[in-house]
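Let me begin by presenting the structure, written as C-alpha cells, before commenting on it.
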Protein chains: 2
Amino acid sequence: MNYEDAIVALADPTRRTIIDKLRGGGLPVGAIAEGLPVSRPAVSQHLRVLSDAGLLHVTPKGNKRLYSIAPEGVDSLRRYLDSLWDDALAAFARAAEDQAKGKTDE
Amino acid sequence: MNYEDAIVALADPTRRTIIDKLRGGGLPVGAIAEGLPVSRPAVSQHLRVLSDAGLLHVTPKGNKRLYSIAPEGVDSLRRYLDSLWDDALAAFARAAEDQAKGKTDE
DNA sequence: ACAAATCGTAAGCGATGACTTACGGTAAGT
DNA sequence: ACTTACCGTAAGTCATCGCTTACGATTTGT
C-alpha cells in the first residue's frame with residue numbers, strides 16, 4: 001500500500017510497542033492492551049490507525065478479534081527506504097569523488 | 001543511530017519532500033526551500049529535526065550550508081524494518097501452518 | 001432469556017507540532 | 001567599511017493527535 005500512512009503510523013511509540021507485541025503472532029485486543037500504560041479504547045484507536053495504514057490484518061474469531069502484522073505493509077516501507085538508501089549511497093560516493101578531484105569549491 | 005527519531009522525522013510530508021530533493025546530492029537551504037509551499041525558516045526547522053535524527057549531514061561551505069543525506073541514519077531504520085519484516089513473515093508462516101493443521105479454533 | 005465478556009465509537013480535553021513573522025549573526029561582494 | 005546574501009533562532013498562533021470516560025453492539029456462557 002502507500003508507505004506514507006505506514007510511516008506515520010509507526011512514528012508513535014505506543015503503536016511501535018503494539019507492533020512489537022505482535023511479532024510473535026496474532027493477538028486479541030485484550031492481550032495487546034495488557035501491560036500497556038494506556039486504556040483499552042486507546043489501544044483500539046491505535047489498532048485502527050495501524051490497520052488503515054495496511055500494517056495489520058484483522059481476523060474476527062468469535063467473540064474476539066485477532067490482530068496480526070501484515071507483511072505487505074511492512075514491505076512497502078522497506079522498499080521506500082531501500083530506494084532512499086541506494087540514492088543516498090550514490091550521492092555520497094559522487095560527493096567523495098568530487099572531493100578527491102579537488103572540487104572543494106565551485 | 002536510534003531509528004526512533006528517524007521514523008518520527010520521516011513521518012512529516014514536508015520533511016520527506018526535503019529528503020527527496022536531496023537524493024541527487026547535497027543542497028544549500030535556499031535551493032531546498034525553493035518551490036516548497038512553506039517559508040524558509042520552516043525549512044530550517046525541518047532540517048534541524050532531520051539532522052538531530054541522524055538523517056542529514058551538514059557541511060558549512062563559506063556563506064552557505066550544504067545538507068546531504070546521511071546513509072547511516074537511513075540504514076538504522078532499514079535494519080529495524082528488516083527485523084520486523086523477518087518476524088512478520090515467520091509469524092505469518094506459522095499461522096498458515098496452524099490453519100492447515102485444522103487449528104482454526106482453540 | 002439473561003448476564004458477562006470483548007470490542008469499537010463518540011465526545012471532549014490537554015499537549016505536541018508545524019507554521020508564520022521578526023530579528024540577529026556571519027560571510028561575500030563592492 | 002558598508003551593503004547584500006544566506007541562514008538559524010525566538011515568540012506566538014492554530015491545527016492535529018493521543019488520551020480518557022461513557023456508551024452501544026455483538027458474542028459467549030448459564
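Below, read A as the first sequence line, B as the second, and so on, with proteins coming before strands; counting in each chain starts at 1.
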When you get a sec, tell me which of [options] is the closest nucleotide to the side chain of [X]?
X	options	answer
A:K64	D:dC19, C:dC7, C:dC19	C:dC7
B:N63	C:dC19, D:dT20, C:dT26	C:dT26
A:S44	D:dT20, C:dG8, C:dC19	C:dG8
B:R15	C:dA18, D:dT9, D:dT20	C:dA18
A:V29	C:dC7, C:dC19, C:dT21	C:dC7
A:R48	D:dG18, D:dT20, C:dT9	C:dT9

Starting from [atom2] on [N], measure out to [atom1] on [X] and report it in whole angstrom.
X	N	atom1	atom2	value
B:L36	D:dC7	CG	P	13 Å
A:D12	D:dC19	CG	C1'	11 Å
B:L47	D:dC6	CG	C1'	13 Å
A:E34	C:dA5	CD	P	15 Å
B:H46	D:dC7	NE2	P	16 Å
B:L66	C:dA27	CG	P	16 Å
B:R65	C:dA27	CZ	P	11 Å
A:L10	D:dC17	CG	C1'	16 Å

Contact check, side chains of B:W85 and A:P71, non-hydrogen atoms, under 4.5 Å: yes

Interatomic distance, CG@A:L66 vs CG@A:L56, rounded to 0.5 Å, equals 11.0 Å

Whether A:S39 contacts D:dT20 is assessed here as follows: a side-chain N or O lying under 4.0 Å from the phosphate OP1 or OP2. Is that the case? yes

Is any side-chain N or O of A:Y67 closer than 4.0 Å to OP1 or OP2 of C:dG8? yes

Can a donor-acceptor pair under 3.5 Å be found between the side-chain atoms of A:R40 and the base atoms of C:dG8? yes

Regarding B:R16 and B:D12, does a basic nitrogen lie under 4.0 Å from an acidic carboxylate oxygen? no

Salt bridge check, A:R79 against A:D75: does any charged N sit closer than 4.0 Å to a carboxylate O? yes

Specify whether B:H57 and A:F92 have parallel, tilted or perpendicular ring planes, treating 30° as the upper limit for parallel and 60° as the lower limit for perpendicular. tilted

Identify, between B:A31 and A:P37, the residue whose nearest nucleotide on DNA chain D lies closer to the 5' end. B:A31

Counting any heavy atom closer than 4.0 Å, what does A:P41 reach on the DNA or RNA strands: base, sugar-phosphate only, or nothing? base

